[in-house]
Structure formats: structure tokens, C-alpha cells
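Residue numbering restarts at 1 for every chain, and letters A, B, ... go by the order of the sequence lines.
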Amino acid sequence: MKETEKISFMQSRLLKWFESNQRFFSWRQPNLSNYQIIISEVLLQRTKAETVSKLYDQFITKYPDWDSLHNAILFDIETFLRPAGLYKQKASRLYMLAKYMVENEGKLPKERSELNKLPFMGQYIANAVELQIFNKRMPLLDINMARVLERYFGPRKLSDIRYDPYLQDLALKIVDHSRSKEVSWAILDFSASICKKRNPLCCSCPLSKNCLYFKLHSIDC
DNA sequence: AAGACGGGGAC
DNA sequence: GTCCCAGTCTT
């Protein structure tokens, strides 16, 4: 089977699966502010989406925009974020981002090279900004999307996702679709409930027919 | 390339 | 008790 066929099979099956299995989060609603989108992505780092969902709405109510965050006391932000884990880092990152955004009158640079210069703007969040704010077909490539792609297509060569050209290329191809955002969300939701790190549910998987991991492990359903 | 950051939920 | 989670920066 050609790679392009394998890719379109994955896209269509995942989008179909997503229709009836998607998770609903506040940060996926339409018409969010840039602030709301970026806050969600920082809070989600290395943290389960379900955990973030418990405090995200309250956070946005308490700190509705960059100004309010910039005027807040760092310790208070830390305290609020404590249940989410990595709270000192997240509080500090949000505070620094707020400082940058206030100083730049709330404007985000459109050039990727300039975007990368923002404090704590790593590859993942920069992709998320381009996808959700600038409507570009960029992947939400985290360890979960990486795992799904690697099981289906085969493992990467380098340990660091960001520097593996094979994985980067695959991720770009899989989200090169008119419903790019939904493809990324579908993969994330799919990775959380079916293609889990531990005990993946291969016998309930709509991709197993073409999945390399499924073949290699001779899974019998 | 490896370490640090981290509480909470799943198993 | 152990593993894992919409990463990123520092050493």
C-alpha cells in the first residue's frame, strides 16, 4: 500500500471516529480569544486534558486577558495552578508571556521565525498558534500524536520528536487536510482512549487493518 | 542526550 | 506503588 493511501485511510477513519467519540473542552469552542487559546496550550503541557478542564474556566474568569494576568501576583497564579502540576513553571511562563503581550500591545507576530522568539514558545505551542489562530495546516505534534503515528507507520529514528524529520514530515502530511484542526484533535482524543501508551485497545481500533504495530504484534481479536 | 519541573488519576 | 500526562528550558 502506498503511503498516500495509508495517510488518507487514517484521516478518513479518524475523522469518522471523531464524530461520535470526541471530547468536549472549553478551549475547543469557536471564537476564542488568542489569549484563551494560548493559556490552554500552556496549561495542557505534560498534563491530562481532563485535569486542565477542571480549572480552565475558573482561570479565564479570574484572569480574563493578558492585562489581568500581567497585573496579578505570581504567587497567586502559582497557587491557583497547583492542582495542575508543573505549577511554578506554568505560572512563570504565563506571566512572562503576559508581559511580552502587554508590551507588544497584544499583537502576535505572524512570521514563524518571529513567533519562535516569544518566551517559552516551543515547537508545539507555535504549531498550535499557527493552526488555531492563523488557520495554517500545522500538527499538534506531542508525545501522543507521535505515538499514534509511530505505531501506524513505524518508529522514529531520533529520541527528540522535534528533530526527527521522518516524524515531522508524517505529522505535516496527516494534517494536510481541509479539516486540519479536527484531524489533530481526533488523533489526541484517539490516543487518550484507544491508542493508549499502556494497553492500547487494538481490537476496538478503526485503524488496525493498516497499522504496523497491529501487524507486528500479531494481535488476535 | 539527559535532567528538572509535579500533582492527580488510572491501573 | 508505578506510570503517564496537548513541553520547554537548562545543563
Between [atom2] of [N] and [atom1] of [X], the distance in whole Å:
{"X": "A/Ile38", "N": "C/dT8", "atom1": "CD1", "atom2": "C1'", "answer": "16 Å"}
{"X": "A/Tyr87", "N": "C/dG7", "atom1": "OH", "atom2": "C1'", "answer": "18 Å"}
{"X": "A/Leu44", "N": "C/dT8", "atom1": "CG", "atom2": "P", "answer": "12 Å"}
{"X": "A/Ile125", "N": "C/dA6", "atom1": "CD1", "atom2": "P", "answer": "14 Å"}
{"X": "A/Phe190", "N": "C/dA6", "atom1": "CZ", "atom2": "P", "answer": "15 Å"}
{"X": "A/Arg93", "N": "B/dC5", "atom1": "CZ", "atom2": "C1'", "answer": "8 Å"}
{"X": "A/Met96", "N": "C/dT10", "atom1": "CE", "atom2": "C1'", "answer": "15 Å"}
{"X": "A/Lys197", "N": "C/dC5", "atom1": "NZ", "atom2": "P", "answer": "7 Å"}

Could you give the distance separating [M] and [N] at their [atom1] atoms, to the nearest angstrom?
{"N": "C/dT10", "M": "B/dG7", "atom1": "C1'", "answer": "22 Å"}
{"N": "C/dC3", "M": "B/dG6", "atom1": "C1'", "answer": "14 Å"}
{"N": "C/dC5", "M": "B/dC5", "atom1": "C1'", "answer": "13 Å"}
{"N": "C/dC9", "M": "B/dG8", "atom1": "C1'", "answer": "24 Å"}
{"N": "C/dT8", "M": "B/dG9", "atom1": "P", "answer": "24 Å"}
{"N": "C/dA6", "M": "B/dC11", "atom1": "C1'", "answer": "22 Å"}

[X], nearest nucleotide to its side chain (from [options]):
{"X": "A/Arg198", "options": "B/dG6, C/dA6, C/dC4", "value": "C/dC4"}
{"X": "A/Phe120", "options": "C/dA6, B/dG6, C/dT8", "value": "C/dT8"}
{"X": "A/Tyr124", "options": "C/dA6, B/dG6, B/dA1", "value": "C/dA6"}
{"X": "A/Leu86", "options": "B/dC5, B/dG9, C/dC9", "value": "B/dC5"}
{"X": "A/Arg46", "options": "B/dG7, B/dG6, C/dA6", "value": "B/dG6"}
{"X": "A/Arg23", "options": "C/dA6, C/dG7, C/dC9", "value": "C/dA6"}

Taking any heavy-atom pair under 4.0 Å as a contact, classify [X]: base, sugar-phosphate, or nothing.
{"X": "A/Met121", "value": "sugar-phosphate"}
{"X": "A/Leu188", "value": "base"}
{"X": "A/Ile161", "value": "nothing"}
{"X": "A/Gln123", "value": "sugar-phosphate"}
{"X": "A/Thr47", "value": "base"}

- Task: Answer yes or no: is there a donor N or O on one side and an acceptor on the other, between the side chain of A/Arg156 and the main chain of A/Ser159, under 3.5 Å?
- Result: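 Yes, because the side chain of A/Arg156 sits within donor-acceptor range (under 3.5 Å) of the backbone of A/Ser159.
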
- Note on the structure: Closest to the 5' end of DNA chain C, once A/Leu118 and A/Ala49 are matched to their nearest nucleotides, is A/Ala49

- Query: Between A/Pro119 and A/Glu41, who's closer to the 5' end of DNA chain C by nearest nucleotide?
  - Reply: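 Closer to the 5' end of DNA chain C: A/Glu41.
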
- Report yes or no: do A/Ile60 and A/Leu81 belong to one cluster of Ile/Leu/Val/Met/Phe/Trp/Tyr joined by side chain heavy-atom distances under 4.5 Å? yes

- Task: Starting from the C-alpha separation in whole Å, work towards a yes-or-no answer on disulfide bond (SG atoms under 2.5 Å apart) for A/Cys202 and A/Cys221.
- Result: CA-CA 8 Å; A/Cys202 296; A/Cys221 294; over 6 Å; no

- So does A/Arg28 reach the base of C/dA6 with its side chain, donor to acceptor, closer than 3.5 Å? yes

- Please confirm whether any donor atom in the side chain of A/Gln89 sits under 3.5 Å from an acceptor in the base of B/dG6, or the reverse. no

- Query: On DNA chain B, nearest-nucleotide positions of A/Ser159 versus A/Gln45: which is more 5'?
  - Reply: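 The answer here is A/Ser159.
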
- Query: Hey, does the side chain of A/Asn199 come within less than 4.0 Å of B/dC11's phosphate (OP1/OP2), counting only N and O?
  - Reply: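 Negative; the distance criterion is not met.
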
- Query: Does the side chain of A/Lys90 get closer than 4.0 angstrom to OP1 or OP2 of C/dG7 through an N or O atom?
  - Reply: no

- Check step by step if side-chain contact (heavy atoms from CB on, under 4.5 Å) holds for A/Ser40 and A/Tyr56. CA-CA 7 Å; A/Ser40 73; A/Tyr56 177 77; 3.6 Å; yes

- Between A/Cys205 and A/Cys211, does the SG-SG distance stay under 2.5 Å?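 A disulfide is absent here, as the SG pair of A/Cys211 and A/Cys205 is separated by 2.5 Å or more.
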
- Note on the structure: side chain to side chain donor-acceptor pair (under 3.5 Å) with A/Lys173: of A/Gln11, A/Gln168, A/Glu3, only one passes, and it is A/Glu3

- May I ask you to decide if the ring planes of A/Phe59 and A/Tyr63 are parallel, tilted or perpendicular, using 30° and 60° as cut-offs? tilted

